[in-house]
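Not measured: the values here are computed from a predicted model.
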Amino acid sequence: MSAFSTTEAKLTRDEMAQLVAADIPAGAFVNLGIGQPTNVSNYLTKEQGVTLHTENGMLGMGPVATGEDIDEDLINAGKIPVTELPGASFFHHADSFAMMRGGHLDMCVLGAFQVSKDGDLANWHTGAEGAIPAVGGAMDLAIGAKATWVMMSLFTKAGESKLVEALSYPVTGLGCVSRIYTEVAVFELRDSKVFVRSTHGISFDQLAAKVPVELTKA
């Protein structure tokens, strides 16, 4: 676990993606969830040798496609046009889910509505009346991947913390999240304890006053 650090400014979404990309181990097989995690693909280096998996049936996904590189038939699970790297392969989505459920992915990076101090994840439904559920492959990934990281904004529009003592939203997976990247802090979760690896644009004390779980500096 890295020593505690701090910066004066909040992280942008691109800076968050850069941070996650840099932390992914070399040679890992990784699935990037819909939303913020998709950007991570833009910051992985060739030297890392990371292989990206997408649940609609592809291994070897490259960065998001732009301009003339866009092929409407080549998309990730979030329907965003992507590129393919040399050696990329394609397969039925049932085979793709078998890879996820069979424990063949080293990690996944997912978005979230809430994460508890115990690493419980809620990211498919807020439970609000009329809200459209978005199950997708999140449950399979959260439990099937060897490690689950989350990228999310730490606070709701109402200013409530998404890092909570216990979930109030429908559960995606229990005890699966080990790390959380947000615009104001990076957290590591171990043994029902929440360690703060870094803060950004906020002091540790200010963060501790806004998050309803006990925090410890890494």
Please check if any side-chain donor atom of Asp118 sits under 3.5 Å from a side-chain acceptor atom of Ser192, or the reverse.
-> yes
Are Leu44 and Met107 joined in one hydrophobic group, where the rule is that I, L, V, M, F, W and Y side chains link up if heavy atoms are under 4.5 Å apart?
-> yes
Nearest heavy-atom contact between Ala122 and Pro170 is CB-O, 3.3 Å
Only one of Ile70, Ile80, Asp69 passes side chain to side chain contact (heavy atoms under 4.5 Å, CB included) with Val64, and that residue is Ile80
CG/Asp95: more than 12 non-hydrogen atoms of other groups inside 6.0 Å | yes
Hey, any chance Leu154 and Val213 share a hydrophobic cluster, counting ILVMFWY side chains that come within less than 4.5 Å of each other, even indirectly?
-> yes
Taking the six-membered ring of Phe155 (Phe, Tyr or Trp), confirm whether the NZ or CZ of Lys162 is under 6.0 Å from its centre and within 45° of its axis.
-> no
Residues at least two apart in sequence or cross-chain that pass salt bridge (charged side-chain N to carboxylate O under 4.0 Å, His left out) with Glu214, listed by chain then number, are none
Provide the full list of ring-ring contact (aromatic ring centres under 6.0 Å, His included) pairs with a residue in residues 8-55, sequence neighbours left out, each pair given once.
-> none
Listed once per pair and sorted, the ring-ring contact (aromatic ring centres under 6.0 Å, His included) pairs that draw on residues 158-189, sequence neighbours left out = Trp149-Tyr181
May I ask you to check whether Ser178 and Glu188 show a side-chain donor-acceptor distance below 3.5 Å?
-> no
Could you state whether Val150 and Ile34 fall into the same hydrophobic cluster, counting links through intermediate Ile, Leu, Val, Met, Phe, Trp or Tyr residues with side-chain heavy atoms under 4.5 angstrom apart?
-> no
Taking a hydrophobic cluster as the set of Ile, Leu, Val, Met, Phe, Trp and Tyr residues connected by side-chain heavy atoms closer than 4.5 Å, whether directly or through intermediates, do Met100 and Val40 fall within one such cluster?
-> no
Side-chain donor-acceptor contact under 3.5 Å, Thr6 with Thr199 = yes
For the student: nearest non-hydrogen atoms of Asp106 and Gly27, plus distance | OD2-O, 4.3 Å
Quiz item: cation-pi between Arg190 and Phe195, 6.0 Å / 45° | yes
For Asp120 and Val177, what are the C-alpha separation, side-chain angles and deciding distance, and is it a side-chain contact (heavy atoms from CB on, under 4.5 Å)?
-> CA-CA 6 Å; Asp120 303 334; Val177 178; over 6 Å; no
Determine whether Val30 and Val82 fall in the same hydrophobic cluster, where Ile, Leu, Val, Met, Phe, Trp and Tyr are linked whenever their side-chain heavy atoms lie under 4.5 Å apart.
-> yes
Indicate whether any N or O donor in one side chain lies under 3.5 Å from an N or O acceptor in the other, for Asn76 and Thr54.
-> no
Locate the shortest heavy-atom distance separating Met16 from Met152; write the atom from each residue and the value.
-> CE-O, 3.9 Å
